Amino acid sequence: MAAPEQILTSLLKPAFDRLVPGADPMLRPSSREGFDFQVNGAMAAAKKLGRSPADVAADVVRAEGLGSLCSRVEVTPQGFVNLRLADDLIVACLGDVAADARLGVAPASASLKVVVDYSAPNVAKEMHAGHLRTTVIGDCLCRMLVFAGHHVIRENHVGDWGTQFGMLIEHLVDVGETSGAHELSVGDLDGFYRQARAAFDASPEMQERSRRRVVALQSGDPDTLRLWRILVEESLRYFDEVYDKLGVELTRDDVVGESFYNPMLDEVVAQLDSKGLLVDSDGAKCVFVEGWTTREGTPLPLIVRKSDGGYGYAATDLATLWDRFGRLGADIALYVVGAPQAQHLAMCFDVALKAGWLPSPERAVHVSFGSVLGPDRKMFKTRAGKTFKLVDLLDEAVERARAAVSSRSAELDVDEREDLARAIGIGAVKYSDLSTDRARDYVFDLDRMISFDGNTGPYLQYARVRCLSIFRRAGLDPADFVGVPVEVGVGEPAERALALALTGFSSAFASAIETWSPHKLCAYLYDLAVVFTSFFEACPVLKAPDETTMRSRLTLCALTAAVLGQGLELLGIDSPERM
RNA sequence: GCCCCUGUAGCUCAGCUGGAUAGAGCGGCUGCCUUCUAAGCAGCGGGCCGCAGGUUCGAGUCCUGCCGGGGGCGCCA
C-alpha cells in the first residue's frame with residue numbers, strides 16, 4: 001500500500017477525469033483543524049465546466065470508496081473539499097512502513113548512472129567555508145541517490161593543474177622538499193601558498209623560473225612531475241583529514257582532478273573544430289553560443305584555448321562533460337558548484353549539447369548554491385579580509401559542543417563524551433547548511449547552529465535519543481519493532497499525528513531528490529521530531545494504561561527512531577545513542 | 001548597459017510549482033520536571049510577504065516596470 005495521499009489521489013483522479021479529462025485533483029495537506037488533506041481541483045474544473053465550484057466538489061466527493069478512506073468529508077461553499085483520513089487507513093499505511101526495511105521509500109523505477117561533481121578543493125590552498133557547502137550538499141545528494149537505488153560516481157574535481165604550479169613547485173624547491181612537504185602535511189596550506197605568492201611577486205627571477213617550470217611540467221619532465229606529486233599528495237592527505245573530520249564519504253579513489261583531463265584536451269578541441277564550432281578570435285580558440293553577450297553587446301565567447309596556446313578552465317569543464325557522458329556513460333551529471341559560476345556552466349552545457357556530447361539539456365544539472373555570509377551578512381571573512389579555514393570552524397563547533405556536553409552529559413565517560421561532542425558539533429554545522437534552501441546565500445553563525453534549539457541537527461539527534469532511551473529503560477531492542485507487520489493504535493491525537501507524520505517519509509524523500517534539495521528532507525525530519533516530542537510529552541509509553549497500548553506506542557517510537565536515523569544518515573549526520 | 005540569484009515577524013528561515021485567516025525557531029512574556037532525558041513541552045504577543053501595476057474565481061507564489069542586496073559579463077580557475 002502506498003502513502004495516504006497517493007491512495008487518495010489515485011481515487012480522486014478518475015472522478016476528475018470524468019468531468020475534465022486530465023484535470024488535477026490538487027490534493028494538498030490541510031492545516032485546518034480536524035482535517036488532514038484538502039482537494040483544491042474543483043474550482044479550476046468548475047471554471048472550465050461553467051458550473052459552480054461547490055457543485056463540482058460535491059460531484060467529485062461521490063467518488064467510489066472515498067467514504068471508507070475518510071472519516072470526515074466536507075465541501076465548502078467556495079468549492080474546497082476537506083478530508084480527514086479514517087484512522088484505519090493511517091494504521092494500514094503505517095503498518096506497511098513498519099513492515100518495510102526501507103520505511104516506505106520504494107527504489108527508483110530505473111537505476112541511473114549519476115556522476116556527482118562536488119567539493120573540488122585546490123591543491124596547496126586552504127579549504128574554506130565555501131567548500132563546506134559543496135562538500136556537504138554533494139555528499140548528501142550522493143547518499144540520497146544511493147538510497148534511491150542509483151549508481152553513483154563521486155568525482156572530486158581537485159584543482160591540481162595549471163600555471164600556478166610553476167610558482168608552487170619553485171617555492172617547494174626554495175624551501176626544501178622536506179620542510180615544504182611538512183608544512184603542507186600539517187595543514188598550513190595558506191601559509192605555503194602566501195609565501196609562494198609573495199616570493200613570486202617580489203622576484204623577477206622567480207617569475208622566470210616559474211614560467212620555465214610550467215613548461216617543464218606540461219612537457220612531462222620527470223623531476224618536475226615528482227615535485228608536483230609531492231604537492232598533490234600532501235594536499236590530498238590533508239583533504240582526507242578534513243573529510244574524515246567532516247564525516248563525508250569522499251575518498252582518494254574519488255579524486256578526478258584537473259590533471260586527469262589534461263590529456264583529453266587536444267581531443268576535445270579537435271572535436272569542436274571538426275564540428276565547425278571553433279572560431280579563431282584575437283588568437284584564441286573560441287566557441288560562440290547564441291544568447292550570450294558581453295558588456296558591449298558583442299557575442300560572448302567560451303574560450304577553450306587561450307591565445308598563448310594554453311588551456312583555460314572552460315576546456316577542462318568541457319572535457320568533464322565529454323568524459324562523463326562519453327566514457328562513463330552517465331545518465332545524469334550533477335555539478336555541485338557555487339551560483340557565481342552559473343553562466344560559465346550554462347555555456348559549457350550549451351557547447352556540449354551542440355557538440356553532441358550531452359544527449360539532452362536536462363541531463364547536465366548545475367546544483368547551484370549561494371555564497372557563505374558572516375553573521376553581519378557580509379561575505380564571510382575575518383576583519384583582515386582573510387577567509388576562515390574550514391578546519392578551524394569545525395574545531396570551534398566541536399569545542400562548543402564539548403563544553404555543552406560536559407555540562408549536560410557529565411554522567412557519560414570521557415570517550416563517549418568526545419564522540420558525542422563531535423557528532424553534535426559537526427552535525428550542527430552540516431545541518432544548518434543543509435536545512436536552508438541551497439539557492440539562497442547562507443549565514444554562517446556558529447552561535448545559532450550550536451544553540452541546539454529549534455530546527456537544528458542536535459534537536460533531531462535529541463529526539464531520536466529520547467526514543468531510544470525508552471527502549472534502554474525497558475531493556476528492549478527497537479529493532480524488534482521494525483520490519484514486522486503491526487497494528488498501531490491512533491486513538492490519542494498525538495498518536496494519530498505521529499503515525500500520519502511517519503507515513504510521509506517517502507514523499508518527503510521524493511521531493512527532496514527530485515529538486516536536489518536536501519532542505520526538504522530536513523524540513524520533514526524536523527516536523528517529525530516536533531510531532532514526536534509532543535507525543536512524548538502527552539503519551540506515556542512504558543506507563544501506558546495497558547499492554548496493547550504500550551506495544552503500540554513502542555512501535556511508534558521505534559519507527560520514529562528508524563526514520564530519524566535513516567534521515568540523518570541520508571544527511572550525513574551521526575546519530576548518537578545517548579546525549 | 002545586459003544577464004543570473006535574492007528581498008516573507010526585531011533576527012534566522014519554511015511556505016509542497018496558483019488555494020481559505022501566510023507558518024516555524026530564536027529573542028520577549030506566562031505556565032509545566034516526586035511520572036520514559038526540561039538540549040524539552042503548552043500558551044501569549046509580534047506581518048502593507050520590498051513598491052506599483054497586470055493576468056483570474058483566487059497571487060507570498062505567475063508576467064511587466066521600478067527600488068534595495070549579492071554575483072557574473074574574452075583569454076584567472
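Below, chains carry the letters A, B, ... as their sequence lines are ordered, and counting in each starts from 1. Here the structure is a predicted model, which means the values were calculated and not measured.
None of A:M127, A:H131, A:H157 except one satisfies the side-chain contact (heavy atoms from CB on, under 4.5 Å) rule with A:S119; the exception is A:M127.
Contact annotation: A:H519 reaches the phosphate of B:G15 (side-chain N/O to OP1 or OP2, under 4.0 Å). The phosphate of B:C2 has neither OP1 nor OP2 within less than 4.0 Å of any side-chain N or O from A:T293. Distances shorter than 4.0 Å separate some side-chain N or O of A:R466 from OP1 or OP2 on B:A38. Using a 4.0 Å cut-off, no side-chain N or O of A:K125 falls inside it from OP1 or OP2 of B:C76. Contact annotation: A:R28 side-chain N/O to B:G18 OP1/OP2 distance is not under 4.0 Å. Contact annotation: A:S435 does not reach the phosphate of B:A14 (side-chain N/O to OP1 or OP2, under 4.0 Å). Between A:R440 and B:G7 there is a side-chain N or O to OP1 or OP2 distance below 4.0 Å. Residue A:Y462 places no side-chain N or O under 4.0 Å from the OP1 or OP2 atom of B:C41.
A donor-acceptor contact closer than 3.5 angstrom is absent between the side chains of A:T298 and A:E296. Side-chain polar atoms of A:Y459 and A:T533 form a donor-acceptor pair below 3.5 angstrom.
Evaluation of atom-type donor-acceptor distances gives a pair under 3.5 Å for the side chain of A:S409 against the base of B:A39. Judged by distance alone, with hydrogens and angles left aside, A:D317 brings no side-chain donor or acceptor close enough to the base of B:A77 to form a pair under 3.5 Å.
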**OP:** Check the pair A:D273, A:K285 against salt bridge (charged side-chain N to carboxylate O under 4.0 Å, His left out), reporting the backbone distance first and the verdict last.
**Re:** CA-CA 9 Å; A:D273 203 10; A:K285 306 273 190 209; 5.9 Å; no

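Atom C1' of nucleotide B:C4 and atom CZ of A:R295 are separated by 15 Å, given to the nearest angstrom. Taking atom CG of residue A:D441 and atom C1' of nucleotide B:C4, one finds them 13 Å apart after rounding to whole Å. Atom CD in A:E74 sits about 11 Å away from atom C1' in B:A20, given to the nearest Å.
Contacts of A:S469 with the nucleic acid, taken as non-hydrogen atoms under 4.0 Å apart, include base atoms. When heavy atoms are screened at a 4.0 angstrom cut-off, A:M26 is found touching base atoms of the nucleic acid. A:S281 comes within contact range of at least one nucleobase, with a heavy-atom separation under 4.0 Å.
The ring of A:F80 does not lie on top of the base of B:G19; it is either too far (5.5 Å or more) or too tilted (30° or more).
Nearest heavy-atom pair, A:R551 versus A:F481, reported as atom, atom and distance to 0.1 Å: NH2-CE2, 3.7 Å.
For RNA chain B, the stems formed by at least three consecutive Watson-Crick or G-U pairs, with both atom-pair distances below 3.5 Å, span B:1-5 with B:69-73, B:10-13 with B:23-26, B:28-32 with B:40-44, B:50-54 with B:62-66.
Other residues, nucleotides and ligands contribute only 12 or fewer heavy atoms inside 6.0 Å of the CD atom of A:E290.
With distances taken from any side-chain atom of A:K306 to the nucleotides B:G74, B:C75, B:G25, the minimum falls on B:C75.
One C1' atom belongs to B:G53, the other to B:G74, and the distance between them is 40 Å to the nearest Å. Spacing between B:U30 and B:G72 at atom P, rounded to whole Å, works out to 49 Å.
Residues from residues 32-42 of chain A lying near RNA chain B, meaning a heavy-atom separation below 4.0 Å, are A:R32, A:Q38, A:N40 in numerical order.
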